[in-house]
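Nothing fancy with the numbering, it's 1 onward along the sequence.
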Amino acid sequence: MKLTALPGYFQSFPYNDCKHTDSQQINPCGLLNHDDWSQLYHSIPKDTPTHQYKLVLLARHGQGFHNAATDRYGSEAWNSYWCSLPGDEYGSWVDSKLTDVGQRQVSETGSQILLPIVLQLGFLPHKFYSSPLRRCLETYIGSWGEMFSVKPDMVEESETQIDIIEELRELLNGYTCNNRVSHSEAIKEYQNCKTQSGVQLHWRYKEGYPELDSMWTPILRESETMMDQRISVALDNILTPLTSDERFVSVTCHAYVIESILRVTKHPSVDNLGTAKIVPLVIEIEK
């Protein structure tokens with residue numbers, strides 16, 4: 001399966017020869033050649049026997065306790081010392097949760113970015129996917145839950161299912177913030193939680209999902225090539241089962257995961273992507 005991001009839809013990928021864009025200078029969600037998201041969606045090529053096309057929203061999680069610690073101590077001190085510890089006086093960052101700032105960020109993402117998109121389209125993403133790490137679960141709850149609360153009539157069912165993709169994990173670099181808590185602990189904290197609008201969120205894990213983290217070790221240092229191979233598996237798990245009618249997809253994940261997805265799909269890099277920000281792209285899938 002060959003994946004290629006298509007140019008000309010968003011400010012982050014204006015033309016084929018574009019090498020990178022800076023999210024502090026452009027709006028990654030800014031439309032280039034369309035008046036609104038509905039017009040953009042209907043301009044995406046129709047599927048053929050050999051190719052499919054998907055609109056994908058890549059959402060970075062909100063500020064976690066590890067992000068706050070990096071800001072507090074500086075990148076050099078974080079990478080050389082604090083990253084291997086479980087936390088500090090301000091909180092734990094093992095499988096980091098969102099800070100209060102992060103919670104506010106994702107709520108704003110829901111009301112200011114996601115809500116306008118779905119209102120213009122007239123429907124929600126056909127499929128939701130997420131990294132298993134807690135900051136991503138909380139980001140989904142805070143961003144889409146906010147949107148569900150503002151516009152509850154957009155939700156047809158009382159339960160929304162989100163597929164957990166283990167390979168969407170953040171860079172495996174030995175940092176404790178990327179060490180997943182046990183499966184049973186995550187289930188106890190988040191399974192079937194309800195948004196303010198009453199929509200119940202069901203996290204769907206693969207059969208035989210491991211109780212303990214089988215990917216993270218304190219000594220592993222994943223290379224860019226290794227990560228791209230892992231993310232290619234994640235994209236295959238996400239995109240291969242989709243039908244032609246399932247053309248709009250939401251993925252909640254991490255900064256390095258987004259960077260890797262952009263590399264795998266030959267999309268220009270998006271530099272300085274902040275927490276709780278979104279990069280949309282149109283992907284061509286060659287079967």
Side-chain angles (χ1 to χ4, degrees), residues 22-25 27-29 57-114 130-147 164 168-182 185-186 188-190 193 195-196 201 203 213 215-218 220-222 227 251-261 269-279:
D22 192 322
S23 64
Q24 295 183 347
Q25 298 177 9
N27 173 16
C29 290
L57 299 182
L58 302 175
R60 186 186 178 193
H61 62 78
Q63 185 197 68
F65 283 92
H66 63 305
N67 302 123
T70 303
D71 293 341
R72 184 160 52 247
Y73 300 116
S75 296
E76 184 177 350
W78 167 259
N79 291 321
S80 63
Y81 177 71
W82 292 99
C83 67
S84 60
L85 300 182
D88 62 7
E89 61 186 294
Y90 299 99
S92 168
W93 52 68
V94 175
D95 194 352
S96 183
K97 293 185 174 185
L98 298 185
T99 64
D100 290 342
V101 170
Q103 295 285 359
R104 290 194 295 270
Q105 287 177 335
V106 300
S107 176
E108 291 173 0
T109 296
S111 60
Q112 298 178 14
I113 299 178
L114 299 179
S130 177
S131 158
L133 297 187
R134 294 188 294 185
R135 54 192 181 269
C136 290
L137 305 185
E138 293 187 355
T139 293
Y140 182 92
I141 294 168
S143 57
W144 286 104
E146 177 74 14
M147 210 256 347
I164 298 298
L168 284 177
R169 298 272 296 275
E170 182 56 295
L171 178 69
L172 298 171
N173 53 7
Y175 292 13
T176 55
C177 57
N178 300 326
N179 182 9
R180 173 172 69 79
V181 297
S182 69
E185 183 175 343
K188 182 179 179 180
E189 286 187 278
Y190 302 106
C193 67
T195 67
Q196 291 182 356
L201 303 179
W203 312 97
D213 190 345
M215 295 180 67
W216 184 90
T217 73
L220 176 64
R221 293 296 186 270
E222 191 175 36
M227 184 169 194
V251 178
T252 305
C253 54
H254 310 266
Y256 281 106
V257 172
I258 292 175
E259 290 180 13
S260 180
I261 290 174
S269 63
V270 178
D271 300 333
N272 301 309
L273 185 69
T275 47
K277 299 301 183 182
I278 291 177
V279 177

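Surrounding OH of Y256 are at most 12 heavy atoms belonging to other residues, nucleotides or ligands under 6.0 Å away. For NZ of K97, the number of neighbouring non-hydrogen atoms (other residues, nucleotides, ligands) closer than 6.0 Å is greater than 12.
Heavy atoms only, all atoms of each residue included: L137 and S131 are closest at CD2-O, 3.7 Å. Residues Q103 and L98 approach most closely at NE2-CB, 3.9 Å, considering heavy atoms. For T99 against A68, the heavy-atom pair with the smallest separation is CG2-CB, 4.2 Å. For G87 against W82, the heavy-atom pair with the smallest separation is O-CZ3, 4.4 Å. Residue C253 comes nearest to I258 through the heavy atom pair SG-CG1, 3.6 Å, listed as atom of the first residue, atom of the second, then distance. Between S23 and P28 the shortest heavy-atom distance is CB-CG, 4.0 Å.
Below 30°, between 30° and 60°, or above 60°: for H61 and H66 the angle between ring planes is between 30° and 60°, a tilted geometry.
Counting heavy atoms from C-beta outward, N173 and L220 have side chains that stay 4.5 Å or more apart. Using a 4.5 Å cut-off on side-chain heavy atoms (C-beta onward), T109 and I278 make contact. Between L171 and M227, some side-chain heavy-atom pair lies under the 4.5 Å cut-off. At a threshold of 4.5 Å between non-hydrogen side-chain atoms, the residues W78 and C177 count as touching.
Separating the CD1 atom in I141 from the OH atom in Y190 is a distance of 6.5 Å, to the nearest 0.5 Å. Atom OG1 of T70 and atom CD of Q63 lie 9.5 Å apart (nearest 0.5 Å). Separation of atoms OH (Y73) and CG (D88) is listed at 3.5 Å; rounding is to 0.5 Å. Separating the CG atom in D271 from the CG atom in D22 is a distance of 5.5 Å, to the nearest 0.5 Å. The structure places CG of N178 at 9.5 Å from CG of D213, a figure rounded to the nearest 0.5 Å.
Look at R180 and E185 and you find no salt bridge, because none of the NZ, NE, NH1 or NH2 atoms lies under 4.0 Å from a carboxylate O. Comment: D95 does not engage R169 in a salt bridge, judged by the lack of any side-chain N to carboxylate O separation of less than 4.0 angstrom. Salt bridge absent: E89 and R72 never bring a charged side-chain N and a carboxylate O closer than 4.0 Å.
Of the options Q105, H254, R60, a side chain to side chain donor-acceptor pair (under 3.5 Å) to T275 is made by Q105 and by none of the others.
A donor-acceptor contact shorter than 3.5 Å is absent between the side chain of S107 and the backbone of S143. In this structure, the side chain of W93 does not engage the main chain of N67 through any donor-acceptor pair within 3.5 Å.
W203 and S130 are not linked by any side-chain donor-acceptor pair at a separation below 3.5 angstrom, with hydrogens and angles left out of the test. Inspection of the Y175 and E170 side chains reveals no N or O donor paired with an N or O acceptor under 3.5 Å.
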